[in-house]
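Proteins come first, then strands; the chains are lettered A, B, ... in the order of their sequence lines, and each starts at number 1.
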Amino acid sequence: MASPVPVVRIAPSPTGDPHVGTAYVALFNRCVARRGGGRFLLRIEDTDRTRYDASSEGKIFEALRWLGLTYDEGPDVGGPNGPYRQSERTALYREMAETLLAKGAAYRCFCTEARLEELRATQRAMKLPPGYDGYCRRLTPDEARKHLAEGRPYVVRMIVPKEGETSFTDDLRGVVRFENRTIDDQVLLKSDGFPTYHLANVVDDHAMEVTWVIRAEEWITSTPKHVLLYRAFGWDEPRWTHLPLLRNADKSKISKRKNPTSLIWYRDQGFLPEGLLNFLALMGYSLPDGREKFTLADLEATFDITRVSVTGPVFDLEKLKWLNGEWIRGLSDDDLAARLVAHHVRRAAAPTPEDATHPVLTWMARHPGADAAFASIVRRSAPLVKERIRTLEEYGEIAACFFHDGLPTYPAADLVAKKRTPAESRDALVAVRARVAAAEFRAPALEAALRALADETGWKPGDLFTPVRTAVTGAKISPPLFETMELLGRDTTLARLDHAIAALSA
RNA sequence: GCGCCCAUCGUCCAGAGGCCUAGGACGCCAGCCUUUCAAGCUGGUAACACGGGUUCGAAUCCCGUUGGGCGUACCA
């Protein structure tokens, strides 16, 4: 049964934005495939026509590509076991449903939605466990034939034995048992002709030679139904592993309302694919040596699925930001700059209302076509901000001083040094202006000049730099002052100092 | 309600009977460094849910309780 080469898959539904949980499950699946020298495939489970979202599939491809979670087979990359879209495989499911019908492992159910609802209401009222009552299972062949001839809509349900139990072995939890009487006669083929997950999943995994099902924990309760289907078809069961569910802070299954779940959000927020992936791996997994920062390749090289923990991890955005910051600090200046440029170019292509005040995006809007100038500013500022940002998006806050076209605005009070009067601060700025004007415009020279000034006037360096910082950057928090002045250049720096002096003279 | 899964610091993990006076990381607090903010470095805060067993010995094994989660759809 245990195939030497694992064939695994992820099977997301195209019902909205690509979900962080999809990436999470994809990550572990891919690790298993890579480690075992096997194959990893992507199958689109688009059998729910009411929730189908045409734009979703492409976004799933894009998000997985962004993360580097590439697959060996899939709708967009092809493969020998296609098509990889379930809506294109409906003939197969119908055929397989017929097979089950012929084997006496399934039956047609003509119950209407109304009857089912009534049944559920009754069961609820009588505090009975919900579930199909098997009405159509007891139909005589003649009755069934008659209904069919009348063209009454029907679904195909699987026949679950009333006695005994069905169990399976989960890699992380051992044997899991279910009494058959607690398992419902699951619908396999819907009245619209599309299969339910249960049928399609089993049929496709078998057809696509999947040997190992690694999916989220929410599927555990459905697994005995799948086991029963494999048996009804006479097929070998795959190996089963159920991964823990990512959680909100309140421990409930991660959801849009309580936590960002869209992979697109994480990308637009400026998380690096390496950082997100690394963080996801930390949710339930750890390397034996305890190292927390590692690459996908590191993970794949040593991955051991038995090390995955089974408790549902709370998704902690703060730790993600820290880890992403670690990744950013580990980037070369060139790489960081390239990513910052790409990030802002993409952001600019799809602006949001809040972006109207974004320092970087508004600069780009004011300077159309100034790609080279933009890239230059970003490249030169990258080393100054590298230790100060945890996401690419945070660049805009700390680097705003490089993107003012005119003069920066700020409260004049910010120009006043600690324990000094506005007049004293103005005089200090006048002196600073003179030294700066005379200095070579390089950070070390500028710093030396102003430190000398502080020394001569009896100011503490830090106190003297405060008004200068506000004047030059327009903010109390900024990249290192002298490097910033050098980057801004003599003209801009002097203009800003003059503006500050004027503000304090008013 | 019923079924199934789970249970170590606020959070993420380590711990596979003695190495645990329970270790690391994020966060938080304090100090150092320091031109702001960061980064970096030091130190601190903080947990084995509870009760029974088993054992010479249990965070680690078993049972129960409690708590949380998931499932209970012609959704996946």
When we call it a touch if two heavy atoms are under 4.0 Å apart, what does A:P467 touch: a base, just sugar-phosphate, or nothing?
-> nothing
How would you label the contact of A:G325 with the nucleic acid (heavy atoms, under 4.0 Å): base, sugar-phosphate, or nothing?
-> nothing
Which part of the nucleic acid, if any, lies within contact of A:C111, taking any heavy atom under 4.0 Å across all strands shown: a base, the sugar-phosphate backbone alone, or nothing?
-> base
Hey, does A:V155 reach any base, or is it just sugar-phosphate, or nothing, if we go heavy atoms under 4.0 Å?
-> base
Most 5' of A:K251 and A:P313 on RNA chain B, judged by nearest nucleotide = A:P313
Checking A:F28, A:W212, A:Y71 against A:V8 for side-chain contact (heavy atoms from CB on, under 4.5 Å), the one that qualifies is A:W212
NA contact type, A:P288, heavy-atom cut-off 4.0 Å: base, sugar-phosphate, or nothing?
-> nothing
Is the distance between the ring centroids of A:Y197 and A:W219 under 6.0 Å?
-> yes
First and last nucleotide of RNA chain B in contact with chain A, 5' to 3', at under 4.0 Å to a heavy atom: what are they?
-> B:rG1 to B:rA76
Using a heavy-atom cut-off of under 4.0 Å over every strand shown, decide if A:K476 touches base, sugar-phosphate, or nothing.
-> base
P-based separation of B:rA39 from B:rG23 [nearest Å] = 25 Å
Complementary nucleotide of B:rU35, counting Watson-Crick and G-U pairs under 3.5 Å | none
Cationic N near anionic O, under 4.0 Å, A:R380 to A:E486 = no
Which one is paired to B:rA30, where only Watson-Crick or G-U wobble pairs with both distances under 3.5 angstrom count?
-> B:rU42
What interatomic distance, in whole Å, is found between C1' of B:rA59 and the corresponding atom of B:rA47?
-> 10 Å
Between B:rA14 and B:rA49, how far is it from one P atom to the other, in whole Å?
-> 15 Å
Between A:E179 and A:T311, the residue closer to the 5' end of RNA chain B by nearest nucleotide is A:E179
B:rA76 pairs with which nucleotide, Watson-Crick or G-U wobble, both distances below 3.5 Å?
-> none
Base-pairing assignment for B:rU11 (Watson-Crick or G-U wobble, both under 3.5 Å) = B:rA25
Give A:E326 one of three labels, base, sugar-phosphate or nothing, depending on what nucleic acid heavy atoms sit under 4.0 Å from its own.
-> sugar-phosphate
Expected output: side-chain A:D133 to main-chain A:Y135 donor-acceptor under 3.5 Å = yes
Select base, sugar-phosphate, or nothing to describe what A:P12 touches, counting heavy atoms under 4.0 Å on all strands.
-> nothing
Kindly state whether the ring of A:Y266 and the ring of A:Y24 have centres lying under 6.0 angstrom apart.
-> no
With no hydrogens and no angle check, is any side-chain donor or acceptor of A:N248 less than 3.5 Å from a backbone partner on A:K251?
-> no
C1'-based separation of B:rC50 from B:rA7 [nearest Å] | 12 Å
Write down the distance separating the C1' atoms in B:rC28 and B:rC12, rounded off to the nearest Å.
-> 16 Å
Sugar-phosphate only, base, or nothing, as touched by A:R469 at under 4.0 Å among non-hydrogen atoms = base
What is the nucleic acid contact for A:F482, judged by heavy atoms within less than 4.0 Å: base, sugar-phosphate only, or nothing?
-> base
Watson-Crick/G-U partner (both atom distances under 3.5 Å) of B:rC2 = B:rG71
Touch check for A:P130, heavy atoms < 4.0 angstrom, all strands: base, sugar-phosphate only, or nothing?
-> base
Scan A:E45 against the nucleic acid and name what it touches under 4.0 Å (heavy atoms): base, sugar-phosphate only, or nothing.
-> sugar-phosphate
Presence of salt bridge, A:E326 and A:R329, under 4.0 angstrom = yes
B:rU55: pairing nucleotide in any strand, Watson-Crick or G-U under 3.5 angstrom | none
Could you pull out all residues at least two apart from A:Y285 that satisfy ring pair (Phe, Tyr, Trp, His ring centres under 6.0 Å)?
-> A:F303
With C1' as the reference atom in both, quote the distance from B:rC56 to B:rU65 in angstrom, rounded to an integer.
-> 29 Å
Separation of the C1' atoms in B:rU8 and B:rA22, to the nearest angstrom | 8 Å
Looking at A:R390 and A:E318, does any basic side-chain N land under 4.0 Å from a carboxylate oxygen?
-> yes
Pairing nucleotide - B:rC50, Watson-Crick or G-U, each distance under 3.5 Å = B:rG64
Looking across every strand, which nucleic acid part, if any, lies under 4.0 Å from A:E113 by heavy atom: base, sugar-phosphate, or nothing?
-> base
Pairwise P distance, B:rG3 and B:rC48 [rounded to whole Å] = 31 Å
If you look at every strand shown and take non-hydrogen atoms under 4.0 Å, does A:G462 touch a base, only sugar-phosphate, or nothing?
-> sugar-phosphate
Hey, mind stepping through A:E45 and A:R43 against salt bridge (Lys or Arg N to Asp or Glu O under 4.0 Å) and telling me if it holds?
-> CA-CA 6 Å; A:E45 307 235 334; A:R43 182 173 68 226; 3.0 Å; yes
